[in-house]
Amino acid sequence: MAEAYDVQEVERRWQARWRDEGTYEVENDDPRPPFYVLCMYPYPSGPAHMGHVRNYTFGDLNVRYRTMQGHGVLSPIGFDSFGLPAENAAIKQGVHPREFTDARIAELKASLTRLGAVYDWRREVRSHDPAYIHWTQWIFLRLLEAGLAYRKQAPVNWCPGCQTVLANEQVLADGTCERSGDLVVKRDLVQWFFRITQYADQLLDDLDSLDWPERVKVMQRNWIGRSEGAEFDLMAGDPSGKEIAIRVFTTRPDTSFGMTYVVLAPEHPLVPDLTTAGQRAAVDEFVARVSTESDIERQSTEGMLDKRGVFTGSYATNPFNRQQVPIYLADYVLMGYGTGAIMAVPGEDQRDWDFAQAYDLPIIPTVQRPEGWDGEAYTGDGVIINSQWLNGLTKADAIVKSIDWLEAEGIGERKVNYRLRDWLLSRQRFWGCPIPIVYCPDHGAVPVPDADLPIVAPDDVEFRPPGESPLQYHQGFLQTVCPRCGKPATRETDTMDTFVDSSWYFLRFTDPWNTEVPFDPAMAAHWLPVDQYIGGIEHAILHLMYARFFTKALADLGVAPPELREPFGRLFTQGMIRMDGSKMSKSKGNLVAPEQYFSTVGADALRLFHLFVGPPADDVDWTEETDKVIDGAARYLARVWRLAMGEVEAVEMPEATAPPGPPGSLERATHQLISRVSDDYARWSYNTAVAACMEFTNLLYKHVQAGTERASVKFAVDSLLLLLAPMVPHVTAELWERRHPGEHIHQRPWPTFDVERAAALTATMVVQVNGKVRDRMEVDARIGPDEMERMALASAKVQATLDGRTPRKVVTRPPKLVNLVV
RNA sequence: GCCCGGAUGGCGGAACGGUAGACGCGAAGGUCUCAAACACCUUUGUCCGAAAGGGCGUGCGGGUUCGAGUCCCGCUCCGGGCACCA
């Protein structure tokens, strides 16, 4: 290992200085143009892991780079400190979750400091801080008033072993609980929801305006799942002859003439009315069986189709052709999407086709198949057939005409449906933000008055192994009075999903001291949208969708600035760190602790490794070779150190060593480096920026060893240090101060280059014959096409290849390329 | 099944349609040293060749172009997301 300087001492000293001098603290009235850099605030699980290091290296680099560019940079951080692990630790070890969490936060903060990441620590936010709980609850109440929070009964994942509801993410692929291993069942409970679906259209449309990775936008679009179509009524008779309207949703009203049956979800409220006496036993048996199935079973494509549906005994009328069609129930129709009922068109839908085959139902094609079609259901485009007044139209025209007809007849209309569901925020957990609601026997769910906020969970609770929320048994917390009538009432004991906390923390950072409102809209308007948001791809859907929803809702409520439609203007998602093909994580036990590198090669070397190993967006494979690459990074920094400290001496170079270049060439190379590296920073190509610096360092060594004049070397080294400063902040700060006493490199402006002086004087001209390289020659960079052709033809190698032939075409791209075509 | 990515030396990776393999790791040789470590220098896609030089090379098959790792068409494999969404 290279040890040119005391890495530990230097890094510790600069970290202390940045903290003590408040180098990266910024005021809200800072006169410099504002720039907001934010990394997704971490869940505090203890000392940083490699994923954190990678994330915060990119973040810190941006903070320092933008600062050098002259911005007043807001660089805040906080901790997403509510969550399950702390509660599990409490159950297992008997520590209060807050104590446990605060200890983990202290560890993570220490890691971040040792990494050299700089923040305005005065703005630190923690989800579990009563001041933060206060405003999370306050926001909940505003959303409730606006009708954006509501209560309803919903099927949730219930783990019988843990006696609690689980989030979807906590249910494993085989339908069991990740903690107890019990089979998770569906249970109907009354839960709180946020009406995110009200913003479905905006959440979809506004994606276009964002500078985000395309794949994240695609994931969000798919998640929202907008589909356009029509909704209309089918009339059916119940067994007594009474008329019943069944509402169906379809994206293909053009195929309505091909409807040969109707399917309802087993939970559909009309099922009892539509079931005939003769079919009652079969229907009851089917509905009962489906209700005990888990989502996993129900949504599997396996299983006999003929056991997955049942005939109700009733018929409905297809309004298009007045035909009677049978009404079935099937588990593949979901109550939660559309109307919970569909018209089945087996000719143009594969699931309907399969079901029709299994139940021997007729299939009528309504779209002309292309020549040679031998598939089953046909979903492509084509001319409409078998459809009376729609015949001969294209699919698109037929959709329009059929909906117009439904509207004219008054039986249906145009309708847009979304896959997106409302956000279930209730959690039967202790370690989360309490939902500020009181249940009164007379007044029902009553909001806690603003003046009584925050509602904070008591400390004297007992955590018991089943994992049930102890709040339910804490009489002091549970028993209260109704804010409206003063009679005895009980508190809501559920807490909020931790995604609620992370949906507005970036707003709080702009004004974390505010005690009147969550934040001053003017402060939010000054800093937001976040100029550069950085985080893992795993948050591509939920966190980013929820935060976008909160921002829009709060803006509409006047809590946030009304013109703020999006929280994160530019997003970068970094790759994962993998080991043996799977993600590096605590649960897999394949963590590599950053601390061991901080204590040996140092933070700068580890940062440099992360920047150099490959494109930031790509995954990193951690292998046996990785330590050697990290050592290589440390070796490089030691090389820079010796260079900058004047410890590299002019030497008698071996004959074989290439001369470094003519006088003035080092200045030129320096201007070129500034140009190149600045460009790489702008496009997040840090791996090539590092490579360029390394290449330049190699060149500089040659110059110094060859005795190139001092002034050029000084300019070259200073420029190199400035370009490296955001990447390896400690060593560059130390070297700069030693070279320029009293100056601070991180307060220097970003270096600029002179276009004239960066321009190359000579170029390597490649001569091709029929596209194959035959010769290369050094030429004046201002060479013209004619001269290029003349020189190319003068080449002996080229003449040998031409073998007497005359080029019939000459392509020139001055000054780098000539292609002779024969 | 549908929707995104990706495939380049022994390895990580570079390459506005214009010198494929920058930079680093590893490997080989050398200088320094009593020796080692460190450091410094050189070489390093592959095949033929003593060399000069030449052939072949960016997952596979076609195409466009003076010229293709890059663009187009058709595949293969790998990774990710969504998955009875009507």
Side-chain angles (χ1 to χ4, degrees), chain A residues 1-4 213-219 221-223 225 227 229 248-252 263 298-301 308 330-334 336-345 348-352 354-355 417-421 537 540-541 576 578 581 609 612-615 617-621 623-633 635-636 638-639 642 647-649 651 653-658 685 687-698 701-702 705 764-773 775-776 797 800 807-811 813 816-822:
Chain A
M1 194 103 3
E3 276 279 336
E214 199 50 41
R215 67 169 172 149
V216 175
K217 292 203 219 178
V218 168
M219 281 159 79
R221 284 190 194 107
N222 292 342
W223 190 260
S227 53
V248 295
F249 172 72
T250 179
T251 54
R252 293 295 303 277
V263 189
R298 183 160 167 188
Q299 290 178 9
S300 85
T301 44
R308 306 189 60 180
D331 65 355
Y332 77 81
V333 173
L334 310 172
Y337 184 78
T339 61
I342 61 162
M343 66 168 197
V345 185
E348 278 77 32
D349 182 286
Q350 189 60 44
R351 280 158 319 170
D352 293 348
D354 294 339
F355 193 85
N417 251 306
Y418 299 91
R419 210 189 71 102
L420 183 71
R421 306 296 163 78
I537 188 73
I541 298 176
M576 309 184 297
R578 286 184 314 203
F609 160 77
F612 182 57
V613 70
D618 288 8
D619 288 350
V620 178
D621 276 308
T623 69
E624 318 82 68
E625 309 292 305
T626 301
D627 275 355
K628 291 178 176 156
V629 182
I630 296 171
D631 284 349
R635 216 151 42 222
Y636 172 70
R639 224 164 124 75
R642 287 192 298 273
E647 290 167 10
V648 180
E649 284 165 14
V651 291
M653 295 307 291
E655 296 256 330
T657 307
S685 183
N687 54 328
T688 54
V690 174
C693 289
M694 286 175 166
E695 197 177 356
F696 184 75
T697 304
N698 293 341
Y701 260 70
K702 291 217 172 73
Q705 289 168 333
T764 304
M765 183 177 88
V766 170
V767 185
Q768 298 179 334
V769 177
N770 287 337
K772 277 185 181 270
V773 178
D775 204 0
R776 298 182 170 95
K797 287 175 187 168
R808 60 181 167 81
K809 184 173 179 183
V810 179
V811 179
R813 291 285 178 274
K816 285 194 168 166
L817 184 114
V818 180
N819 189 10
L820 306 170
V821 185
V822 292

Check: Separation of Met576(A) atom CE from G5(B) atom C1', in whole Å?
Finding: 13 Å
Check: To the nearest angstrom, how far is Leu334(A) atom CG from A86(B) atom P?
Finding: 11 Å
Note to self: What is the distance, to the nearest angstrom, from the CG atom on Asp621(A) to the P atom on G6(B)?
What the structure shows: 17 Å
Could you write out each protein N or O paired with an N or O of nucleotides 55-59 of chain B at a distance under 3.5 Å?
| residue | atom | partner | partner atom | Å |
| --- | --- | --- | --- | --- |
| C56(B) | OP2 | Lys772(A) | NZ | 3.3 |

Next item on the list: Under 4.0 Å between any heavy atoms, over every strand shown, what does Ser227(A) touch: base, sugar-phosphate, or nothing? Just pick one.
Entry: sugar-phosphate
Notebook entry, point to check: Who pairs with Arg215(A) by salt bridge (charged side-chain N to carboxylate O under 4.0 Å, His left out), at least two apart in sequence or on another chain?
Noted result: none
Item checked: Partner residues of Asn222(A) under the side chain to side chain donor-acceptor pair (under 3.5 Å) criterion, sequence neighbours left out -> none
Notebook entry, point to check: Given atom CZ of Arg215(A) and atom C1' of C4(B), what is their separation to the nearest angstrom?
Noted result: 8 Å
Item checked: d(CD, Glu214(A); C1', G6(B)) in whole Å -> 17 Å
Check: How far does the P atom of G53(B) sit from the matching atom of U44(B), given to the nearest Å?
Finding: 14 Å
Check: By ring-ring contact (aromatic ring centres under 6.0 Å, His included), which residues pair with Phe612(A), not counting sequence neighbours?
Finding: none
Note to self: When the P atoms of G69(B) and G59(B) are compared, how many Å lie between them, rounded to an integer?
What the structure shows: 10 Å
Next item on the list: Not counting sequence neighbours, which residues clear salt bridge (charged side-chain N to carboxylate O under 4.0 Å, His left out) with Glu625(A)? List them please.
Entry: none
Next item on the list: Could you tell me which residues satisfy side chain to side chain donor-acceptor pair (under 3.5 Å) with Gln768(A), sequence neighbours excluded, listed by chain and number?
Entry: none
Next item on the list: Measure distances between side-chain N and O atoms of Arg421(A) and base N and O atoms of C85(B), and say whether any donor-acceptor pair falls under 3.5 Å.
Entry: yes
Next item on the list: Can you check each nucleotide of nucleotides 19-31 of chain B against protein heavy atoms at under 4.0 Å and return B for base, S for sugar-phosphate only, - for none, in 5' to 3' order?
Entry: BS-BBSSS-----
Margin query: Using the salt bridge (charged side-chain N to carboxylate O under 4.0 Å, His left out) criterion, which residues pair with Arg221(A)? Sequence neighbours excluded.
Written below: Asp208(A), Glu214(A)
Margin query: Please give the distance between the P atoms of G5(B) and C72(B) as a whole number of Å.
Written below: 11 Å
Next item on the list: Quick one: stems involving RNA chain B, counted as three or more successive Watson-Crick or G-U pairs, both distances short of 3.5 Å.
Entry: B:1-7 with B:76-82, B:10-12 with B:23-25, B:26-31 with B:39-44, B:45-48 with B:53-56, B:59-63 with B:71-75
Notebook entry, point to check: Who passes side chain to side chain donor-acceptor pair (under 3.5 Å) against Asp627(A), sequence neighbours left out?
Noted result: Tyr597(A)
Next item on the list: Using the C1' atoms only, state how far U65(B) lies from A52(B), rounded to an integer number of Å.
Entry: 34 Å
Next item on the list: Report the glycosidic orientation of G24(B): syn if within 90° of 0, anti in every other case.
Entry: anti
Checklist line | With sequence neighbours excluded, residues passing side-chain contact (heavy atoms from CB on, under 4.5 Å) with Asp352(A) | finding: Tyr261(A), Tyr332(A), Ile342(A), Ala344(A), Pro346(A), Asp349(A)
Notebook entry, point to check: What pairs with Tyr337(A) under side chain to side chain donor-acceptor pair (under 3.5 Å), at least two apart in sequence or on another chain?
Noted result: Ser227(A)
Next item on the list: Remember a base hit wins even if backbone is also touched, and classify Tyr701(A) as base, sugar-phosphate or nothing at under 4.0 Å, heavy atoms.
Entry: sugar-phosphate
